[in-house]
Asks: 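Let me begin by handing over the structure; questions about it come next.
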There are 2 protein chains.
Amino acid sequence: MDNQDIRKAGLKVTLPRIKILELLENNTQRHVSAEDVYKMLLDNGEEIGLATVYRVLTQFEAAGLVTRHNFEGGHAVFELDRGGHHDHMVCVVCGKVEEFIDTTIEKRQREIAKEHGFEMVDHSLIIYGHCGNPKCKVGY
Amino acid sequence: MDNQDIRKAGLKVTLPRIKILELLENNTQRHVSAEDVYKMLLDNGEEIGLATVYRVLTQFEAAGLVTRHNFEGGHAVFELDRGGHHDHMVCVVCGKVEEFIDTTIEKRQREIAKEHGFEMVDHSLIIYGHCGNPKCKVGY
DNA sequence: AATGATGATGAGAATCTTTTTCATTGCAAG
DNA sequence: CTTGCAATGAAAAAGATTCTCATCATCATT
């Protein structure tokens, strides 16, 4: 019941919001920029303005439906929150993104924050490296 | 011998580069945006263009003299590389930045990368939370 | 089902950050 | 001291995101 998620967020159930949420749910690549979303909607024949895409994604983020990541490169990417939190591993050559979750690190982070007098509310961990693809290996 | 660092990077020793490196070394706040650097130079009476600041910071980054961080908010911040790697903790209210390093996490990251077939070359860990300042606490 | 208040949308303008262009200047090797 | 080539400043351009505003759609209430 996606529409309920929108409603629960205190937002009206409108066509742009439904379409954007659908796209995030069904799209193969989990990490998309606002521009990506906009273009995909266009390809699907939806007449949704870029400004609306930005607005909706920001609202979804505030509602906890999606997460915004600031990867390298100046533009943000969004990802549907499927309940489970996870971190990212990005290949510096091909850009491939893998997700992972590690309880050791998760736990340690909370401890470190506390040691510094912080109360952790969120975190961002991105590992950059060369992925398994031979073409992405060092010295190729 | 800062000028040697510039030279070693294969760059000519010019006034803008010297001034920017000096500023990064002597400035109290370690994390500065290109705009910050530009304005501080202006305040110091230096006539250095914003484009040059961007160029030089990017060159310094390539040379390993500074590190670029993509914190939330759309603009990058730069930090002088004082040899030691470290991660960041950012207060979501006042923006205060604290640095930390944790061997448990550092080690675990390498292991995780390897488990996924990645060879880690870098990483970015940012913990967001409420800092010790009472005004930044939840429910203030 | 009609109504109306309020929120949402689209288009384009505006803003902000960063990069590029290009004519001019200055470092540094000989 | 000359000279090539890199570096610079100013302004324009590009890219990402937000804002403005007139119009339109949703939804709680009739």
Side-chain angles (χ1 to χ4, degrees), chain A residues 1-23 31-42 44-63 65-79, chain B residues 1-23 31-42 44-63 65-78 95:
Chain A
M1 295 287 85
D2 346 352
N3 295 7
Q4 293 310 317
D5 289 332
I6 297 174
R7 192 163 280 129
K8 270 188 283 182
L11 302 169
K12 288 185 178 172
V13 178
T14 64
L15 201 128
R17 285 174 183 150
I18 293 169
K19 289 299 176 188
I20 291 173
L21 194 50
E22 274 182 12
L23 192 152
H31 305 84
V32 290
S33 68
E35 189 78 25
D36 290 337
V37 172
Y38 174 64
K39 284 182 182 154
M40 289 174 180
L41 289 171
L42 274 190
N44 292 9
E46 305 293 341
E47 298 275 323
I48 297 175
L50 181 55
T52 300
V53 173
Y54 274 102
R55 268 187 301 240
V56 170
L57 286 174
T58 302
Q59 292 158 346
F60 282 3
E61 186 197 9
L65 290 175
V66 307
T67 304
R68 180 196 303 251
H69 300 289
N70 297 291
F71 286 177
E72 298 184 348
H75 67 289
V77 295
F78 298 82
E79 165 183 34
Chain B
M1 291 290 90
D2 345 353
N3 296 7
Q4 293 310 315
D5 289 331
I6 297 174
R7 192 163 281 127
K8 270 188 282 182
L11 302 169
K12 288 186 178 176
V13 179
T14 64
L15 202 128
R17 286 174 182 151
I18 293 169
K19 290 299 177 189
I20 291 173
L21 194 51
E22 273 181 16
L23 192 153
H31 305 85
V32 290
S33 68
E35 189 78 25
D36 291 338
V37 171
Y38 174 65
K39 284 184 182 152
M40 290 173 178
L41 289 171
L42 274 190
N44 293 10
E46 304 294 342
E47 298 275 324
I48 296 175
L50 181 57
T52 299
V53 173
Y54 273 102
R55 268 188 298 240
V56 170
L57 286 174
T58 301
Q59 292 158 345
F60 281 3
E61 186 198 8
L65 290 174
V66 307
T67 304
R68 180 197 303 250
H69 299 289
N70 297 290
F71 287 176
E72 297 184 348
H75 65 289
V77 296
F78 297 82

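If you're wondering where the values come from, they're calculated on a predicted model, not measured in any experiment. Note: hydrogens, waters and symmetry copies are ignored here, and every other heavy atom, side chains too, is used. Within every chain, numbering begins at 1; the chains are lettered A, B, ... in the order of the sequence lines, protein sequences first and strands thereafter.
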Asks: With a non-hydrogen cut-off below 4.0 angstrom, is A:E35 in contact with a base, only sugar-phosphate, or nothing?
Replies: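 A:E35: no heavy atom of the nucleic acid under 4.0 Å.
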Asks: Looking for any heavy atom pair under 4.0 Å, which part of the strands does B:L15 touch: base, sugar-phosphate only, or nothing?
Replies: nothing
Asks: Taking the nucleotide of DNA chain C with the nearest heavy atom to each, does A:Y38 or B:V13 sit closer to the 5' end?
Replies: A:Y38
Asks: Measure the distance from CG on B:L41 to C1' on D:dG9 and round it to the nearest whole Å.
Replies: 14 Å
Asks: For D:dG9, take OP1 and OP2 only and decide whether either is under 4.0 Å from a side-chain N or O of B:T52.
Replies: yes
Asks: Could you tell me the separation between the OH atom of B:Y54 and the C1' atom of D:dA10, rounded to a whole number of Å?
Replies: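 Between C1' of D:dA10 and OH of B:Y54: 16 Å.
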Asks: Between C1' on D:dT8 and CD on B:E47, what's the gap in Å once rounded to a whole number?
Replies: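 Whole-Å distance recorded here is 13 Å.
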Asks: Taking the minimum atom-to-atom distance to the side chain of B:K12, which one of D:dT17, D:dA7, D:dG9 wins?
Replies: D:dA7
Asks: In whole angstrom, what separates A:I6's CD1 from D:dT26's C1'?
Replies: 12 Å
Asks: Would A:V77 and A:E79 satisfy side-chain contact (heavy atoms from CB on, under 4.5 Å), going step by step from the backbone distance to the final call?
Replies: CA-CA 7 Å; A:V77 295; A:E79 165 183 34; over 6 Å; no
Asks: Contact between A:Q59 and A:L65 at the side-chain level, heavy atoms closer than 4.5 Å - yes or no?
Replies: no
Asks: Do B:K19 and B:N44 come within less than 4.5 Å of each other through their side chains, counting heavy atoms only?
Replies: no
Asks: Applying side-chain contact (heavy atoms from CB on, under 4.5 Å), run through B:E46 and B:L15 and close with a yes or a no.
Replies: CA-CA 9 Å; B:E46 304 294 342; B:L15 202 128; 3.7 Å; yes
Asks: Check every nucleotide of DNA chain C for an atom under 4.0 Å from a heavy-atom of chain B, then give the first and the last such nucleotide from 5' to 3'.
Replies: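 In short, chain B contacts DNA chain C from C:dT17 to C:dA28.
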Asks: For a quick check of understanding: with a heavy-atom distance under 4.0 Å over all strands, which category does B:R17 fall into, base, sugar-phosphate or nothing?
Replies: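 Sugar-phosphate: the residue B:R17, judged by heavy atoms under 4.0 Å, touches backbone atoms but no base.
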Asks: Taking B:D36 for the side chain and B:S33 for the main chain, is one N or O donor matched with an acceptor at less than 3.5 Å?
Replies: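 Yes; at least one donor-acceptor contact below 3.5 Å.
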Asks: B:H69 versus B:H31: any side-chain heavy-atom pair under 4.5 Å?
Replies: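 Of all side-chain heavy-atom pairs linking B:H31 with B:H69, at least one is under 4.5 Å.
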Asks: Which residue in the set B:R55, B:K12, B:E22 passes side-chain contact (heavy atoms from CB on, under 4.5 Å) when paired with B:R17?
Replies: B:K12
Asks: Starting from the 5' end of DNA chain D, give me the residue, B:A51 or B:P16, whose nearest nucleotide shows up first.
Replies: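 Result: B:P16.
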Asks: Within the 4.0 Å heavy-atom criterion, would you say A:R7 contacts the bases, only the backbone, or no part of the nucleic acid?
Replies: sugar-phosphate
Asks: In whole angstrom, give the distance that lies between atom CG of A:D36 and atom P of D:dT17.
Replies: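 Those two atoms, CG and P, are 10 Å apart.
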Asks: Rounded off to whole Å, could you give me the NZ-to-C1' distance for the A:K19 and D:dT26 pair?
Replies: 17 Å
Asks: Of B:T14 and B:V77, whose closest DNA chain C nucleotide lies nearer the 5' terminus?
Replies: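 So the residue in question is B:V77.
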Asks: Rounded to whole angstrom units, what separation is found between the CG atom of B:N70 and the P atom of D:dT17?
Replies: 12 Å
Asks: Tell me the interatomic distance from A:Q4, atom CD, to D:dT26, atom P, rounded to whole angstroms.
Replies: 16 Å
